[in-house]
Amino acid sequence: MSQSLLLVEQVYAGYVPGLDILQGASIEIHQGELVTLIGPNGAGKSTLLKAIFNLLPQRRGRIEFQGQETKDIPTHELVAKGMGYVPQLANVFPSLTVAENLSIGAAAVQGKIVKNRIEELTALFPILRERYSQRAGTLSGGERQLLAMARALMGQPQLLLLDEPSAALAPKLVGEVMHQIQQINHLGVTILLVEQNARQALKISHRGYVLENGRECYSGAGEELLHDPRIGELYLGIKAPLEANI
Ligand SMILES: Nc1ncnc2c1ncn2[C@@H]1O[C@H](COP(=O)(O)OP(=O)(O)O)[C@@H](O)[C@H]1O
Ligand SMILES: [Mg+2]
């Protein structure tokens, strides 16, 4: 039996006492997978990522990372164990340069390794090399997302949680960011991707989950969900019966 890298079982969590935003959310991710989580605004997608990263306490249920329950593991230790997280907003320090942002992402690694890591990541994202000494606040939206991902990758995570990396990007940049995400996955990083651009995200994903009202309502292989009429109508802007050109 292949052990899951991340296991979320019947998790309840919320911000206000007595009000659960996550209401029995369950997902499972295996080593090497790229998994997309879609769902309407307010469904609890960002909340689920925060609960996984222990930025929000679980009220009920169980989360395991690398086979170990995470309930009592503080966020910085989750990072040390190999979990990376790129939040939806405010994911770079605008007044610091690209180089400084990358160095901060490597707080847990030492001198020479930091340099090597920056070399590797700027090879992966050449635009960051061009912008190396520029303040992050002067980058375009797409460049900023790449920097945020590169920063999270500095710590060499085994699992990367990405919250809407294509939000607020011009449509032609969305494909580019998706391509980079797929490349990161091909390098061996397991990814949980939350996305509004459901079609593009599912196209690059092994599997997907649909979250509604704080729990997953269906899941399947990326291709399968792309052709599922329930998803088509709600998330891909396709009226049932499905048109063939997706
Ligand atoms: N910091 C917060 N305090 C209180 N409620 C919040 C907070 N963040 C999110 N919520 C609420 O939790 C629900 C789910 O939000 P969120 O997880 O951001 O949804 P999604 O990412 O799927 O759009 C929403 O009703 C939202 O208003
Ligand atoms: Mg969100």
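Order of appearance sets the numbers: ligands from 1, and atoms from 1 within every ligand.
- Under the 4.0 angstrom criterion, atom 19 (O) of ligand 1 counts as having a protein heavy-atom contact.
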Legend entry - Check against side-chain contact (heavy atoms from CB on, under 4.5 Å), K81 and Q158: CA-CA 8 Å; K81 283 179 182 298; Q158 194 179 5; over 6 Å; no
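- For a threshold of 3.5 Å applied to N or O pairs, the pair formed by G42 and ligand 1 contains at least one separation below that value.
- Annotation: cation-pi geometry not satisfied between R59 and Y12 (NZ/CZ under 6.0 angstrom from ring centroid, within 45° of ring axis).
- Distances below 4.0 Å separate heavy atoms of I21 from the following atoms of ligand 1: 12 (O), 13 (C), 14 (C).
- Using 4.0 Å as the threshold, G44 has a heavy atom nearer than that to some atom of ligand 1.
- Q88 and S46 form a side-chain donor-acceptor contact under 3.5 Å, judged by distance and modelled atom types alone.
- Under 4.0 Å is where a charged nitrogen must lie from a carboxylate oxygen, and between K71 and E64 no such pair does.
- Interface atoms of ligand 1 facing N41, defined by a heavy-atom separation under 4.0 Å, are 23 (O).
- The distance from the Mg ion (ligand 2) to the nearest N/O/S atom of Q88 is under 2.8 Å.
- For ligand 1, the atoms closer than 4.0 angstrom to any heavy atom of T47 are 14 (C), 15 (O), 16 (P), 17 (O).
- Counting protein heavy atoms only, atom 5 (N) of ligand 1 is closest to Y15 CD1, 3.4 Å.
- The backbone N or O of L147 lies less than 3.5 Å from no partner atom in the side chain of N101, so there is not a single donor-acceptor pair.
- When only interatomic distances are considered, the shortest N/O to N/O separation between S46 and ligand 1 falls below 3.5 Å.
- At least one heavy atom of P40 sits less than 4.0 Å from an atom of ligand 1.
- For atom 9 (C) of ligand 1, a protein heavy-atom neighbour is present inside the 4.0 Å cut-off.
- Remark: the T47 side chain and the Y15 side chain contain an N/O donor-acceptor pair separated by less than 3.5 Å.
- Between the side chain of E216 and the main chain of Y218, no donor-acceptor pair closer than 3.5 Å is present.
- Here N41 does not reach the Mg ion (ligand 2): none of its N/O/S atoms is less than 2.8 Å from the metal.
- In this structure the side chain of E28 never reaches within 4.5 angstrom of the side chain of V8, judged on heavy atoms.
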